[in-house]
Visitor: 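Dropping a structure here in C-alpha cells format, bear with me for questions.
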Number of protein chains: 2
Amino acid sequence: MKLEHYARLSAEEKDALDALTQVRTRRVRSRDDIIREGDAPSVINVVLEGWACRYKTLEDGRRQIIAYLLPGDVCDFSAPVLREMDHSVGAITTVTLAEIAVESVGHLFATYPRLTQALCWDALTSVSIQREWTVNVGQRTAFERLGHLLCELFVRQRLLGLTRGGVCDLPLTQAEIADTIGLSVVHVNRTLQDLRSAGLISLGGRELTIHRLEALQRAVLFNPSYLHLGHEGRHLDAPPPNP
Amino acid sequence: MKLEHYARLSAEEKDALDALTQVRTRRVRSRDDIIREGDAPSVINVVLEGWACRYKTLEDGRRQIIAYLLPGDVCDFSAPVLREMDHSVGAITTVTLAEIAVESVGHLFATYPRLTQALCWDALTSVSIQREWTVNVGQRTAFERLGHLLCELFVRQRLLGLTRGGVCDLPLTQAEIADTIGLSVVHVNRTLQDLRSAGLISLGGRELTIHRLEALQRAVLFNPSYLHLGHEGRHLDAPPPNP
DNA sequence: CGCAAGTTTGAATAGCCTCAAATCCGGTGG
DNA sequence: CCACCGGATTTGAGGCTATTCAAACTTGCG
C-alpha cells in the first residue's frame, strides 16, 4: 500500500507483495527490541502495524532516536549487504512485523522492475528524512525542532491514511521526543506548552491535534519537499479518505 | 578504487569503471555549487578529486552541512529515481567530477553484479554516516562533536590513502565546521583550543594532525563501526601505503 | 603593501540543562 | 468501586553552555 505512493503497481505486483508479507508475521511488545545493534538478521522485517524507532546508544547511556518507522517501513534494509546492524530498532507500541526471506525479495525484484523502483524511491526518501533530521537538530530552535517533528509525523501518517482530520496518533512519551530532537525532557515539556499556548496544537492521551497546519509549518520552517510526496501517488493536500 | 574496499573487483570490472569515469570530467571552483537544490541532474556526478559538501539552507539563511564528499563519493545518487534534488552540493576545494550517464550505469550493473553490491554497500554506509551525524549533533557536547567530526574525516581519508602518518588535509574554515556540527563560529574556535590544549590535535593551514588517535576516539566516544570498514577490503588498523 | 577573509579574544546574555519535588494519570488489586 | 502504585507530566530555581555582538589580530593573496 505504501509503495503505491511511489509507482503505480499492477494487481499482479500487489498480489506478489501481499503473498510475501503474509508468509510469516511476528509480534513485538511495546518497549521491546525488534533488532539489536550487532545482530545480523537473516530476514527482512517490515512494519505492518504499530510504531517502531531506530536508535543508537552511547556508552554512557545517552540515547538518540534516529528514525521512526510507521506501517510499511522496512527495519533492516542493510541486512542483505552489510554484515551487522550498527544500531537497534525498538518497538514504541506493540508492533506486528512481516518477516521476509532475503532470497524471495531478490526474486521478486528480478521479476517486477517497477517494484524495485518503488523500493528505491522509498529508501531514498528515508535517507532524505535522515538528512532533514540532521538539519533539525543542528540548526533549529527548540520550538522549531519540536514543531517540525510533529509536522513530519502528522504528514507521514496522513500519507498512510492514518489521520482523522487534523488528528493523528502520537504514542510517544516526552522522554522519547526529547531523545529524538536532542533536548531534555523538561525542556520538551515547556516547549510543548509554548506550542499549545500558541494555539497550534493539542497533545495528550497519545493523540496529537494540529489546529492550523499551514501556520505551524510556517512557524517552524517545515518544508515537506524532503518527504518527496506526490510523484505518481496521492498528494499532500489531497489526503486519502478514511475507512 | 574506493569501491575496492567493499568487494574485490576483477580487472575487467575495474576497467569498466575507469572507462566510465574518463568519458567526461568537469571542474568546479572552490565555493561554487556543483548541484543546486531543485535541479534535476541528468547525469550522475562522482567526485574524483577535492572536497565537496551537501548542505541545506533554511529560509532565513541558517545553513547546515549534512555530509562531506571525498574522492570516490557520488553527489547525486537519487537523480535517476527522485525527481529533483532536495538539497545542494557545493565545492569546498576545487573539485574534479566525473559525469556519468545514467544509462551507462544501468548497463554496467546488469553486466557486473559485484559492482552493484559494492555500490549498495557504499550507499548504505553513507546512510549510516548520516545517522551517526544525527547522534553527533543531538547528543554530544561541543568537545565531543568536534572531535568526532575530526576523527571521521581523518579515518575516511586514511581509507582512501590520503593521510601521511597522523596528518591529513582539512580544507574547512571554522565557519564551515560550525555549520556542520551546529555550533557558532566563536564556540568552534574555543572548542578547537580545548582539543589542542588537551594535546589531542593540531590544526592550522588546511592541515590536521591527530597526535593520539586512540585517546581522541575514547575522549569523544568515536566508535568507527558506523563506517563499516574492513569487510573484504583493507582494515582500519592497516592503512594503505602512500604513493 | 594593503585588502579581505579567516581566526581569536572579551563581555554580556539567552537558551537549555540539572536537580528536585509536586501533580496527574492509567492500570491493578483489594 | 476505591486505594494504591509506578510511570509520565508538570513546575520551580539555579547554573552552565553556547550565543551574540563587537573588536582586534593574523594570514594569504593580488
Side-chain angles (χ1 to χ4, degrees), chain A residues 29-32 51 58 60-65 90-94 136-150 169-197 201-208 220, chain B residues 29-32 51 58 60-65 90-94 136-150 169-197 201-208 220:
Chain A
R29 277 174 321 174
S30 172
R31 321 276 139 176
D32 282 359
W51 284 47
L58 301 185
D60 60 4
R62 278 176 281 174
R63 182 180 72 144
Q64 173 74 38
I65 292 178
I92 302 269
T93 65
T94 299
N136 205 27
V137 200
Q139 296 298 324
R140 283 188 247 260
T141 64
F143 186 88
E144 293 165 342
R145 277 188 227 185
L146 183 48
H148 192 276
L149 175 67
L150 297 180
D169 288 352
L170 205 105
L172 306 174
T173 65
Q174 294 183 6
E176 284 162 337
I177 295 177
D179 285 347
T180 307
I181 57 182
L183 296 173
S184 68
V185 192
V186 173
H187 203 62
V188 164
N189 183 282
R190 293 189 165 125
T191 309
L192 270 175
Q193 293 175 40
D194 292 344
L195 278 164
R196 282 193 271 246
S197 61
I201 65 154
S202 303
L203 176 57
R206 331 270 86 162
E207 225 179 54
L208 166 70
V220 303
Chain B
R29 277 175 321 175
S30 172
R31 321 274 139 179
D32 281 0
W51 284 46
L58 300 185
D60 59 5
R62 278 176 281 175
R63 182 179 72 144
Q64 174 74 36
I65 292 179
I92 303 269
T93 65
T94 298
N136 205 27
V137 202
Q139 295 299 322
R140 284 188 246 260
T141 64
F143 187 87
E144 293 165 343
R145 276 188 228 184
L146 182 48
H148 193 276
L149 175 67
L150 298 180
D169 289 353
L170 206 105
L172 306 175
T173 65
Q174 293 183 7
E176 285 162 336
I177 296 178
D179 284 347
T180 307
I181 56 182
L183 296 174
S184 67
V185 193
V186 173
H187 204 236
V188 164
N189 184 283
R190 293 187 168 128
T191 309
L192 270 175
Q193 294 176 40
D194 292 344
L195 278 164
R196 282 194 271 246
S197 62
I201 65 156
S202 304
L203 177 57
R206 333 267 86 166
E207 225 179 53
L208 165 71
V220 303

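First the proteins, then the strands, lettered A, B, ... as listed; each starts at 1.
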Visitor: Could you tell me the separation between the CD1 atom of B:I92 and the P atom of C:dG6, rounded to a whole number of Å?
Guide: 11 Å
Visitor: Restricting to non-hydrogen atoms, name the atom on B:I181 and the atom on B:R145 that form the minimum distance, rounded to 0.1 Å.
Guide: O-NH1, 2.7 Å
Visitor: The criterion is side-chain hydrogen bond (donor to acceptor under 3.5 Å, both in side chains); which residues satisfy it with A:T141, sequence neighbours excluded?
Guide: A:E144
Visitor: Between the protein and nucleotides 20-28 of chain D, which nitrogen or oxygen pairs come in under 3.5 angstrom?
Guide:
none

Visitor: Is it true that atom CZ of B:R31 has more than 12 heavy atoms of other residues, nucleotides or ligands lying nearer than 6.0 Å?
Guide: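 Buried by this count: over 12 neighbours within 6.0 Å.
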Visitor: Answer yes or no: is there a donor N or O on one side and an acceptor on the other, between the side chain of B:Q139 and the main chain of B:N136, under 3.5 Å?
Guide: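 No: the side chain of B:Q139 does not pair with the backbone of B:N136.
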Visitor: Kindly list each side-chain donor-acceptor pair under 3.5 angstrom involving residues 182-190 of chain B, sequence neighbours excluded, with atom names and distances?
Guide:
from	atom 1	to	atom 2	distance (Å)
B:S184	OG	B:H187	N	3.2
B:N189	OD1	B:Q193	NE2	2.5
B:N189	ND2	B:Q174	OE1	3.0

Visitor: From CZ of B:R29 over to P of D:dC29, roughly how many Å is that when rounded to an integer?
Guide: 16 Å
Visitor: Kindly say whether A:G204 contributes a backbone atom to a donor-acceptor pair with the side chain of A:E207 at under 3.5 angstrom?
Guide: no
Visitor: Among residues 172-183 of chain B, which residues get a heavy atom nearer than 4.0 Å to DNA chain D?
Guide: B:G182, B:L183
Visitor: Of all heavy-atom pairs between A:R140 and B:R62, which one has the smallest distance, and what is that distance?
Guide: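 That would be CA-NH1, 3.6 Å.
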Visitor: For the backbone of B:L203 and the side chain of B:R196, can you confirm whether one donor and one acceptor N or O come within less than 3.5 Å of each other?
Guide: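 Checking the backbone N and O of B:L203 against the side chain of B:R196, a donor-acceptor pair under 3.5 Å is found.
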Visitor: For the residue pair A:W51 and A:T93, what are the closest heavy atoms and their distance?
Guide: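 Residues A:W51 and A:T93, closest heavy atoms: N-OG1, 2.9 Å.
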Visitor: Can you pull out the residues from residues 142-149 of chain B that lie within a 4.0 Å heavy-atom distance of DNA chain C?
Guide: none
Visitor: What is the minimum heavy-atom distance between A:R63 and A:I65, and which atoms define it?
Guide: NH2-CD1, 3.9 Å
Visitor: How many whole angstroms separate atom CG of B:L203 from atom P of C:dG6?
Guide: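 Result: 15 Å.
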Visitor: If the helix axis at each end comes from five base pairs, how far does the helix from C:dC1-D:dG30 to C:dG30-D:dC1 deviate from straight, to 10°?
Guide: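 About 40°, once rounded to a multiple of 10°.
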Visitor: Can you see which heavy atom on B:H148 is nearest to which on B:V220, and at what distance?
Guide: N-CG2, 3.7 Å
Visitor: Without swapping roles, check the side chain of B:Q64 against the backbone of B:D179 for a donor-acceptor pair under 3.5 Å.
Guide: yes
Visitor: Using a cut-off of 4.0 Å on non-hydrogen atoms, how would the nucleic acid contact of B:R196 be classed: base, sugar-phosphate, or nothing?
Guide: sugar-phosphate
Visitor: OP1 or OP2 of C:dT9 sitting under 4.0 Å from any side-chain N/O of B:Q193?
Guide: yes
Visitor: Over all heavy atoms of both residues, which pair between A:I177 and A:L146 is shortest? Give the atoms and the distance, please.
Guide: CG2-CD1, 3.6 Å
Visitor: Just how far, in rounded Å, is C1' of D:dT9 from CZ of A:R206?
Guide: 11 Å
Visitor: Can you tell me how far C1' of C:dC16 sits from CG of A:D194, to the nearest Å?
Guide: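 For the pair A:D194 CG and C:dC16 C1', the rounded distance is 13 Å.
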Visitor: Does A:N189 place a side-chain N or O at less than 4.0 Å from the phosphate oxygens OP1/OP2 of D:dT9?
Guide: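 So the side chain of A:N189 is outside the cut-off, no N or O lying under 4.0 Å from OP1 or OP2 of D:dT9.
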